[in-house]
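Working notes, structure below.
Note that the structure is predicted; figures quoted are calculated from it, not measured. Quick note on labels: first sequence line is chain A, next is B, and so on, each numbered from 1.
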Amino acid sequence: MIRKDTLYATAHELTRRAAIEIPSDYLSGLEAMAAKESEDLSSFVLAAMLENYKAAKEDARAMCADTGVPRFYVKAGNEAKIEGGMVAVEEALRSGLAQATHDIPLRPNRVHPLWRHDNNNNVGLNAPEIEYSFEPDADWVDITTVHKGGLFGTDYRMLFPGDGIDGIKRFFLDAMIAFGKRGLACQPAIVGIGLGGSKDTCMVLGKQAACLRTVGDRNPDPKIAELELELMEMGNNIGMGPMGFVGSSMVVDCHIEVGYTHTGGMPMSVHSFCLSSRRAVARLYADGRVQYRTDPEWFTPYHRRNDVKWQPEAARQSA
Amino acid sequence: MATGSRKTVRLKTPVRREDLEQLELGDVVYLEGHVYTAREGVYRRVITEGHKLPEGLTELTNVSFHCSPAASVNDDATFNIGAVTATASFRFGALIPAWFEASDCLLILGKGGMTEEDYRNVFVPRGARYLTTVGYGTGALLGRGIKNVKAVHWLPELGIAQAIWVLEVENFGPFLVDSDGEGRSLFEQHNKRLNQRIEGLYDGLKQPALSRMGETVDRREELI
């Protein structure tokens, strides 16, 4: 049985880790990028960011004061038993986030869209977002928190089948250039692309691609994997770097997630994560253990399944 | 920190016009003295609703910051301040003339700069300058530069994220100089260099079937 108090303590600790500690995959990606950057100003900015991560960890203070809009992803094993059930999970996530907002502190970013009222704890109407996924043959629960900024770097477009890869590249460039100027997208970042689905699914897939996959991870479909690498290279050849200064550092990695879509369309979304790619993950076991990590492992073969009935053998062979 | 070939300048607040005149585009700046945060909520209260800034603030410093901190209020009414990071400044462009009148500021700190038109028409005549934060998100480095929260104004009215936080700072930076004495912008200079390449990036990519609202401003036109 996974206990309520463990859920609460984990939500609190995850919030702290995400705000303060840069995930190691993103850090390595950025260090490699900084080593290749040849423009003086862009290099200066990257060096400042690398120093900032160190300062955050040494001082135990948030990397960036725009601590984004914290949200959670819950992946529950099909055999998991939770004290109080899923309602207790939501209560723990909401109260853990509210208390951590005060304790770390995070910026209380969540306000009513019209009246601008702030509960000062990052909790409110429909906030934080909590998304769910399930995993067969498991009795653990994975909780991931992501603190992504919210104003710039995201866009959606309805493309059509005939627009093809050219259409995808065009829209990708449009988004990178438009939000990259003056560095509004806080690049270089992990860029997520949602392809297909319904409009809402398309947005969700792109956001998850940006926030829940690590640097170096490739889509299991080799042709999609190739497109990921091609778009990453394209982004880094725009001639733009951090803060929109001349440079070559835009895309630390590009992840594409695909969903079956309307036969007449090819919707696409683009999402830039940011220079403080804040994510933290914990696995809660039935015996009370909690293990922390930074890879959400969200897109499991089961999560990406393509057939009517779950067929683990078929998934293993195609992976 | 290592600044490469950049010149590093240390400024004391309140800043003096003659010191600002020395600043060149791309210089790295660190501040010592006092700065205060002012963004949407403060601009609305001062400019739209006509409230006076809290007493003594404009005498204490002439540096305001498009920012809100990651901070909390303790039970004993003291403050716990972690990181500070700027918010995008372009959205305040239209309000800056009235803000300068109300605040007597000579230095605006923020994210991403403003337009050269704003610099030429509003900043240059006053001898004011704009510094941008670096990154963005050197929130921890900036947080280190805060020695003390001197006061927080309008907290009940505006909440933690929008209140005026008056910060006593030392070695507060890095910032980059974005505006110069002629009203040029470092960002716009880089945009000009980037724009020379942009058309070429699209070479060989065919147009999509459907255009998007915004590619034309004529609402009578179809997008297909």
- For A:Leu151, is it the side chain, the backbone, both or neither that has a heavy atom under 4.5 Å from a heavy atom of chain B? side chain

- For each of A:Gly239, A:Gly162, A:Ala19, A:Ala56, tally heavy-atom pairs with chain B at distances under 4.5 Å, and name the one with the top tally. A:Gly239

- Item | Main-chain N/O of B:Glu188 paired with B:Ser185 side-chain donor or acceptor, under 3.5 Å | yes

- Message: In terms of relative ring orientation, are A:Phe179 and A:Phe152 parallel, tilted or perpendicular, with 30° and 60° separating the classes?
- Response: tilted

- Most heavy-atom pairs under 4.5 angstrom with chain A, which of B:Ala71, B:Ala161, B:Gly159, B:Ala88? B:Ala71

- Message: Need one label for B:Arg197: side chain, backbone, both or neither, based on atoms under 4.5 Å from any heavy atom in chain A.
- Response: side chain

- Message: Heavy-atom pairs under 4.5 Å with chain B - which of A:Met63, A:Glu58, A:Met240 has more of them than the others?
- Response: A:Met63

- Among B:Ala70, B:Gly26, B:Cys67, B:Ser72, residue most engaged with chain A (heavy-atom pairs, under 4.5 Å): B:Ala70

- Ranking A:Asn119, A:Thr67, A:Asp174 by heavy-atom pairs under 4.5 Å to chain B gives rank one to A:Asp174

- Query: chain B heavy atoms under 4.5 Å from A:Tyr53: which part of the residue, side chain, backbone, both or neither?
  - Reply: neither

- Validation row: A:Asn109, A:Asn122 side chains within 4.5 angstrom (heavy atoms): yes

- Does any N or O in the side chain of A:His271 come within less than 3.5 Å of the main-chain N or O of A:Met203, such that one atom is a donor and the other an acceptor? yes

- Which of A:Ala65, A:Ala55, A:Gly149 touches chain B most, by non-hydrogen pairs under 4.5 Å: A:Ala65

- Indicate yes or no: at least one non-hydrogen side-chain atom of B:Val166 is less than 4.5 angstrom from one of B:Val149. no

- Using non-hydrogen atoms only, which part of A:Met243 is less than 4.5 Å away from chain B: side chain, backbone, both, or neither? both

- Item | A:Leu159, part contacting chain B, at a heavy-atom distance under 4.5 Å | side chain

- Return the option, out of B:Ala86, B:Ala140, B:Gly112, with the maximum number of heavy-atom pairs under 4.5 Å with chain A. B:Ala140

- Item | B:Gln162 versus chain A, the contacting section by heavy-atom distance below 4.5 Å | neither

- Would B:His66 and B:Ser89 satisfy side chain to side chain donor-acceptor pair (under 3.5 Å), going step by step from the backbone distance to the final call? CA-CA 7 Å; B:His66 292 148; B:Ser89 297; 2.8 Å; yes

- Anything under 30° is parallel, anything over 60° is perpendicular, the rest tilted; go ahead and classify B:Tyr130 against B:Tyr119. tilted

- Choice from A:Pro108, A:Ser276, A:Gly167, A:Pro242 maximising heavy atom contacts with chain B below 4.5 Å: A:Pro108

- Item | B:Ile160 vs A:Asp118 side-chain heavy atoms within contact, under 4.5 Å | no

- Side chain / backbone / both / neither for A:Ile177 at chain B, heavy atoms under 4.5 Å: side chain

- Message: Ring centroids only, cut at 6.0 angstrom: are A:Phe245 and B:Phe187 within range, meaning strictly under it?
- Response: yes

- Item | Option in B:Asn191, B:Leu194, B:Leu142, B:Leu158 with maximal non-hydrogen atom pairs under 4.5 Å from chain A | B:Leu194

- Note on the structure: Counting heavy-atom pairs under 4.5 angstrom with chain B, the leader among A:His102, A:Lys57, A:Arg157, A:Lys169 is A:Arg157

- Measure the shortest side-chain to side-chain distance between A:Leu275 and A:Tyr26 over non-hydrogen atoms and say whether it is less than 4.5 angstrom. yes

- Query: Do the charged groups of A:Arg16 and A:Glu13 touch, with an N to O distance under 4.0 Å?
  - Reply: yes

- For B:Arg44, is it the side chain, the backbone, both or neither that has a heavy atom under 4.5 Å from a heavy atom of chain A? neither

- Message: Just so I know, are the side chains of A:Leu195 and A:Met266 near enough to count as touching, which here means a heavy-atom distance under 4.5 Å?
- Response: yes

- Give, as side chain, backbone, both or neither, the part of B:Pro208 having an atom under 4.5 angstrom from any heavy atom of chain A. both

